[in-house]
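Scope of the values below: all heavy atoms of this structure, side chains included, with no hydrogens, waters or symmetry mates.
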Amino acid sequence: MKLYIIAALSVYGFCACTDAGKPEKIIRDTLRENILNMASQQLNEPPATVTAFVAERSAGGIHDFFSEGDYWWPDPENPNGPYIQKDGETNPDNFVAHRHAMIRFSMIVGNLTSAYLLTRDTRYIDAALRHIRAWFINEETKMNPNLLYAQAIKGIATGRGIGIIDTIHFIEVVQSLIRMEEAGLLPDTDRQKTKKWFSAYLEWISTHPYGIKEMNAGNNHATCWAMQAAIFAKYTGNETITALCTDRFKNVFLSEHMADNGSFPREINRTKPYGYSLFNLDAMATLCHILSDPERNLWNYTAPDGKCVQKGIDFLYPYVADKNKWPYKQDVMYWDEWPVAHPFLLFGAIGLHQDAYLQTWTTLEHFPTVDEVLRNLPIRNPLIWLN
């Protein structure tokens with residue numbers, strides 16, 4: 001493995017030095033070829049939103065996102081009755097087409113925006129905007145700004161609050177919109193209408209009983225609610241929600257969800273302790289990155305009880321660097337597919353000035369294809385997050 005010297009990292013971006021080993025260059029060199037190869041194919045990819053896939057078991061309409069709870073199965077003793085739960089075991093026959101469409105959307109927009117940042121070729125932005133307009137603006141194809149029918153369970157619920165976790169894949173779409181706006185490449189109409197859509201969605205997840213329940217969940221669902229709310233609030237200028245997310249990071253996720261050793265017991269005690277621990281730490285680090293700025297550096301924040309995001313990374317990092325050291329039980333499914341190039345390594349390198357995290361990140365899989373990994377990997381396009 002090559003060793004790189006990381007110099008002058010800041011919480012709001014990499015330094016502008018010309019050192020051949022600077023982190024920004026390392027990251028770009030690691031990803032460039034794959035990004036541009038994929039972008040060349042994505043230039044002509046047609047949009048496909050929720051309206052392209054009929055969900056026969058959905059209680060909603062054609063513009064409503066629908067998904068089914070992953071761990072719910074037909075009851076062998078009552079095949080036509082309500083489903084039963086098998087925690088950690090994904091039912092391959094459940095409806096996931098809308099989720100796959102959303103993940104595809106996120107991957108295409110994030111990668112095309114990354115390709116623009118590498119080349120300054122505006123064709124990539126034009127292509128990304130076709131997808132964005134289809135999802136949020138065009139009357140025939142846009143998605144309604146709510147998740148009333150996500151994570152449904154046959155015979156039990158037409159939708160649940162935990163379905164809000166499905167829209168973590170809008171995070172990189174919004175970050176791409178932010179980068180387009182910064183570059184002066186987001187037309188006024190698109191800017192106004194996408195901000196209107198995300199303002200409506202942010203209000204829904206902040207006021208609907210589903211959203212309130214998800215916000216107050218005691219595990220990764222609450223972290224992912226805040227991660228989404230924070231980036232949507234940043235894009236729409238909602239300072240109230242930004243302050244709420246900051247408070248929850250400090251006084252809930254660190255003080256209540258994290259153990260003294262930096263672990264997250266509610267993830268450790270699941271049937272996929274390794275994967276859920278990675279997922280929750282990724283969400284924590286992403287939230288920290290979104291909320292931190294020159295005036296508010298959450299990477300340096302330590303709760304009164306001594307807990308901080310560094311402690312969370314220090315707990316899990318050794319088991320990413322060497323998975324064989326994992327002291328807990330193996331995940332019931334997808335044990336072999338983890339780890340990949342996790343965002344907590346990337347953002348931790350930026351915020352905590354830790355070269356080892358970036359070194360490990362360069363050695364891991366940056367373009368996974370397994371559905372379970374894609375579903376639980378909120379950040380797949382690092383370049384759009386670098387200033």
For this session: May I ask you to check whether Q228 and T167 show a side-chain donor-acceptor distance below 3.5 Å?
Result: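 Yes, because at least one side-chain N or O of Q228 sits under 3.5 Å from a partner of the opposite role on T167.
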
Assess whether a salt bridge exists between [X] and [Y], defined as any Lys/Arg side-chain N lying under 4.0 Å from an Asp/Glu carboxylate O.
{"X": "E45", "Y": "R104", "value": "yes"}
{"X": "K154", "Y": "E68", "value": "no"}
{"X": "R191", "Y": "D188", "value": "yes"}
{"X": "K272", "Y": "E372", "value": "yes"}

Distance flag, aromatic centroids of [Y] and [X], threshold under 6.0 Å:
{"X": "F232", "Y": "F198", "value": "yes"}
{"X": "F105", "Y": "W135", "value": "yes"}
{"X": "Y357", "Y": "Y317", "value": "yes"}
{"X": "W299", "Y": "H353", "value": "no"}

For this session: Go through the structure and list residues passing salt bridge (charged side-chain N to carboxylate O under 4.0 Å, His left out) with R270, not counting sequence neighbours.
Result: D87

For this session: Using atom types as modelled and distance alone, determine if a side-chain donor or acceptor of Q354 lies under 3.5 Å from a backbone N or O of A356.
Result: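 It does not hold such a pair.
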
Exercise. Please walk me through it: do F136 and W197 pass ring pair (Phe, Tyr, Trp, His ring centres under 6.0 Å)?
Worked result: CA-CA 7 Å; F136 305 128; W197 195 98; 4.7 Å; yes

For this session: Over all heavy atoms of both residues, which pair between F66 and A55 is shortest? Give the atoms and the distance, please.
Result: CD2-CB, 3.5 Å

Exercise. Of all heavy-atom pairs between V109 and A128, which one has the smallest distance, and what is that distance?
Worked result: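 Heavy atoms of V109 and A128 come nearest at CG2-O, 4.0 Å.
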
For this session: May I have all residue pairs that pass salt bridge (Lys or Arg N to Asp or Glu O under 4.0 Å) and include part of residues 314-342, sequence neighbours excluded?
Result: none

Problem set entry | K193 atom NZ: more than 12 heavy-atom contacts under 6.0 Å |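 Counting other residues, nucleotides and ligands, NZ of K193 stays at 12 neighbours or fewer.
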
Exercise. Has E182 got more than 12 heavy atoms of other residues, nucleotides or ligands less than 6.0 Å from its CD?
Worked result: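 Correct, the count exceeds 12.
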
Exercise. Cluster question for you: counting only ILVMFWY and a side-chain heavy-atom cut-off of under 4.5 Å, with indirect links fine, are I103 and V340 together?
Worked result: no

Problem set entry | Qualifying residues under side-chain contact (heavy atoms from CB on, under 4.5 Å), relative to L364, sequence neighbours excluded | V320, P339, A341, L345, T360

Problem set entry | Stepwise salt bridge (charged side-chain N to carboxylate O under 4.0 Å, His left out) test for K195 and E181 | CA-CA 11 Å; K195 289 192 177 187; E181 185 174 21; 3.1 Å; yes

